[in-house]
Enquirer: 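Before we start, here is the structure in question, set down as structure tokens.
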Amino acid sequence: MGRGELSSAALPRSFFDRPSHEVAPDLLGRVLVHGSVAVRLTEVEAYGGPGEDPAAHTYRGRTPRNAVMFGPPGHLYVYFTYGMHFCANLVCLSEGFGSAVLLRAGEVVAGLDEARSRRSKAKDRDLARGPARLTVALGLLREHNGLDAVREVSPAGWPRQSATMLEGRPVLPEVIRSGPRTGVSTAKETPWRFWIDGDPSVSPYRAHVPRRRSVAATSVGEVPSS
DNA sequence: AAGGCGATTGGCT
DNA sequence: GCCAATCGCCTTG
């Protein structure tokens, strides 16, 4: 699939200057391009914003890790988690609020060969089905934290180190579903996960599971239960 | 200074 | 369905 089929314009920065739970459903059907790969978003989650969101990385204030989330809208917030995965967000609202939309899943619509080579064991529909899978398919890494996703589309193509959020084809409100966010341990009722109903690239929902204590922590000095 | 645990994934039962 | 992998961040002592 060639780049020529991506005829859509870039989303303006003003698109992101709203609370993340308003931006999130509007991102469904839009396209994120990075290098030669493009992904059409089918599932997103909103975090942070003007009010209190205990599930957001920004809940306890600004730190070196979450600094980008407090910065200008339209930039990528890429974080490292579970010691092995990267997840990508788009920063929302003007500076200082700490608000972003997690990109949870999508469909690869350009650069299929490149995405397949990055995730060689995955079926096509699973290439970007999950937040860490999506970042691998797009080639997003720690170094892309803070990258500006608002830029003009160049007829010559996209340089490898750039990202662009395209208008794509926003979906009809009737096909948008919403529900609790995946895998969060707090604010379990906040319905800030949004997805396209019936789309095969939407990831399976998982509730938060408290982790069992490590073997070392339980076997040393543990009093046997009676 | 130390330990708990995470906006997850893939492999195995 | 269950669980290990793997490490940086943040809380607590």
Side-chain angles (χ1 to χ4, degrees), chain A residues 19-21 23-25 27-28 32 39 41-49 51-70 75-93 97-106 108 115-116 118-146 178-195 201-222:
Chain A
S20 55
H21 64 274
V23 173
L27 278 171
L28 296 175
L32 180 61
V39 168
L41 301 177
T42 58
E43 180 192 358
V44 296
E45 282 176 1
Y47 286 90
E52 299 271 289
D53 179 13
H57 287 170
T58 48
Y59 181 57
R60 291 174 180 82
R62 183 178 185 135
T63 67
R65 180 206 196 194
N66 64 28
V68 169
M69 267 185 82
F70 286 98
H75 290 246
L76 289 174
Y77 166 52
V78 181
Y79 68 91
F80 183 61
T81 191
Y82 288 102
M84 65 194 94
H85 299 304
F86 293 99
C87 296
N89 301 248
L90 283 160
V91 177
C92 298
L93 273 181
F97 281 98
S99 172
V101 175
L102 171 67
L103 310 180
R104 282 203 56 90
V108 175
R116 283 172 177 155
R118 288 171 177 157
R119 294 201 9 89
S120 56
K121 289 178 245 179
K123 292 181 284 189
D124 280 359
R125 81 156 198 173
D126 293 329
L127 286 172
R129 190 178 184 224
R133 295 166 168 185
L134 181 147
T135 63
V136 170
L138 280 170
L140 292 173
L141 300 166
R142 193 193 306 270
E143 68 199 87
H144 302 296
N145 186 38
S178 66
R181 293 170 289 186
T182 300
V184 301
S185 57
T186 58
K188 290 191 169 76
E189 307 308 311
T190 305
W192 281 2
R193 174 177 182 244
F194 302 90
W195 68 94
S201 68
V202 173
S203 72
Y205 174 79
R206 296 185 190 184
H208 173 75
V209 193
R211 193 168 60 165
R212 203 201 72 205
R213 277 185 296 172
S214 69
V215 175
T218 53
S219 63
V220 177
E222 182 91 344

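Model, not experiment: these values are computed from the prediction.
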Enquirer: My validator wants the stems of DNA chain B: runs of 3 or more consecutive Watson-Crick or G-U pairs, both distances under 3.5 Å, written as range with range.
Expert: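 If one scans DNA chain B for consecutive Watson-Crick or G-U pairs, the stems found are B:1-6 with C:7-12, B:8-12 with C:1-5.
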Enquirer: Does C/dA4 have OP1 or OP2 sitting under 4.0 Å from an N or O in the side chain of A/R211?
Expert: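 For C/dA4, neither OP1 nor OP2 has a side-chain N or O of A/R211 closer than 4.0 Å.
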Enquirer: Which of the following nucleotides, B/dT9, B/dG6, C/dC7, is nearest to the side chain of A/H208?
Expert: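 Closest nucleotide among those given: B/dG6.
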Enquirer: Using only heavy-atom distances, decide whether a donor-acceptor pair under 3.5 angstrom links the side-chain of A/Y82 to the base of C/dA5.
Expert: no
Enquirer: Just jot down the side chain to side chain contact (heavy atoms under 4.5 Å, CB included) partners of A/R65, sequence neighbours excluded, or say none.
Expert: A/H57, A/T63, A/Y77, A/Y79
Enquirer: Would you please confirm or rule out a distance under 4.0 Å between OP1 or OP2 of B/dT9 and any side-chain N or O of A/K121?
Expert: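 A/K121 to B/dT9 OP1/OP2: no side-chain N or O under 4.0 Å.
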Enquirer: Pick base, sugar-phosphate or nothing for A/H57, based on heavy-atom distances below 4.0 Å to the nucleic acid.
Expert: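 Base contact - A/H57 has a heavy atom under 4.0 Å of at least one base atom.
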Enquirer: Tell me whether the ring of A/Y47 lies stacked over the B/dA7 base, given a 5.5 Å limit on centroids and a 30° limit on the plane angle.
Expert: yes
Enquirer: side-chain hydrogen bond (donor to acceptor under 3.5 Å, both in side chains) with A/S201: which residues, sequence neighbours excluded?
Expert: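 Per chain and number, A/S201 pairs via side-chain hydrogen bond (donor to acceptor under 3.5 Å, both in side chains) with A/T42, A/D199.
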Enquirer: Is the phosphate of B/dT9 approached by A/R129 (side-chain N or O, under 4.0 Å from OP1 or OP2)?
Expert: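 Answer no for this pair, as no side-chain N or O of A/R129 is under 4.0 Å from OP1 or OP2.
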Enquirer: In whole Å, I'd like the distance from the OH atom of A/Y59 to the C1' atom of B/dG6.
Expert: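 One finds 17 Å between C1' of B/dG6 and OH of A/Y59, rounded.
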Enquirer: For A/N89, give me all partners under side-chain hydrogen bond (donor to acceptor under 3.5 Å, both in side chains), at least two apart in sequence or on another chain.
Expert: none
Enquirer: Please enumerate all residues that pass side chain to side chain contact (heavy atoms under 4.5 Å, CB included) together with A/F97, with sequence neighbours excluded.
Expert: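 Only A/P50, A/L93, A/S94 meet the side chain to side chain contact (heavy atoms under 4.5 Å, CB included) criterion with A/F97.
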Enquirer: Indicate, with a heavy-atom threshold strictly under 4.0 Å, whether A/R142 touches base, sugar-phosphate, or nothing.
Expert: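 Nothing, no heavy atom under 4.0 Å.
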Enquirer: Do the side chains of A/L27 and A/L90 get nearer than 4.5 Å, heavy atoms only?
Expert: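 Yes, their side chains come closer than 4.5 Å.
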Enquirer: Distance between the P atoms of B/dG4 and C/dA4, in whole angstroms?
Expert: 15 Å
Enquirer: Is it the case that the side chain of A/T58 and the backbone of A/G48 share a donor-acceptor pair, with hydrogens and angles ignored and the cut-off at 3.5 Å?
Expert: no
Enquirer: What parts of residues 61-68 of chain A reach DNA chain C, counting only heavy atoms under 4.0 Å away?
Expert: A/T63, A/R65
Enquirer: Under 3.5 Å, is there a donor-acceptor pair between the side chain of A/S99 and the main chain of A/P19?
Expert: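 Checked: no pair found.
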Enquirer: For A/E43, what residues pass the salt bridge (Lys or Arg N to Asp or Glu O under 4.0 Å) criterion, not counting sequence neighbours?
Expert: A/R104, A/R193
Enquirer: For A/R60, give me all partners under salt bridge (Lys or Arg N to Asp or Glu O under 4.0 Å), at least two apart in sequence or on another chain.
Expert: none
Enquirer: Tell me whether the side-chain N/O atoms of A/R133 come closer than 4.0 Å to OP1 or OP2 in B/dG10.
Expert: yes
Enquirer: Under 3.5 Å, which protein N or O atoms sit close to an N or O of nucleotides 11-13 of chain C? Give each pair with its distance.
Expert:
from   : atom 1 : to    : atom 2 : distance (Å)
C/dT11 : OP1    : A/R60 : NE     : 3.2

Enquirer: By ring pair (Phe, Tyr, Trp, His ring centres under 6.0 Å), which residues pair with A/W192, not counting sequence neighbours?
Expert: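 Counting only residues at least two positions away or on another chain, A/W192 forms a ring pair (Phe, Tyr, Trp, His ring centres under 6.0 Å) with A/H21.
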Enquirer: Excluding sequence neighbours, so at least two apart, what forms side chain to side chain contact (heavy atoms under 4.5 Å, CB included) with A/D126?
Expert: A/R119, A/A122, A/K123, A/R129, A/R133
Enquirer: Please pick, from B/dT9, B/dG6, C/dG8, the nucleotide with the shortest atom-to-atom distance to any side-chain atom of A/H85.
Expert: B/dT9
Enquirer: Under the rule for side chain to side chain contact (heavy atoms under 4.5 Å, CB included), what residues qualify as partners of A/E52, not counting sequence neighbours?
Expert: A/Y59
Enquirer: From B/dG11, B/dT9, B/dA7, pick the nucleotide closest to the side chain of A/Y77?
Expert: B/dA7
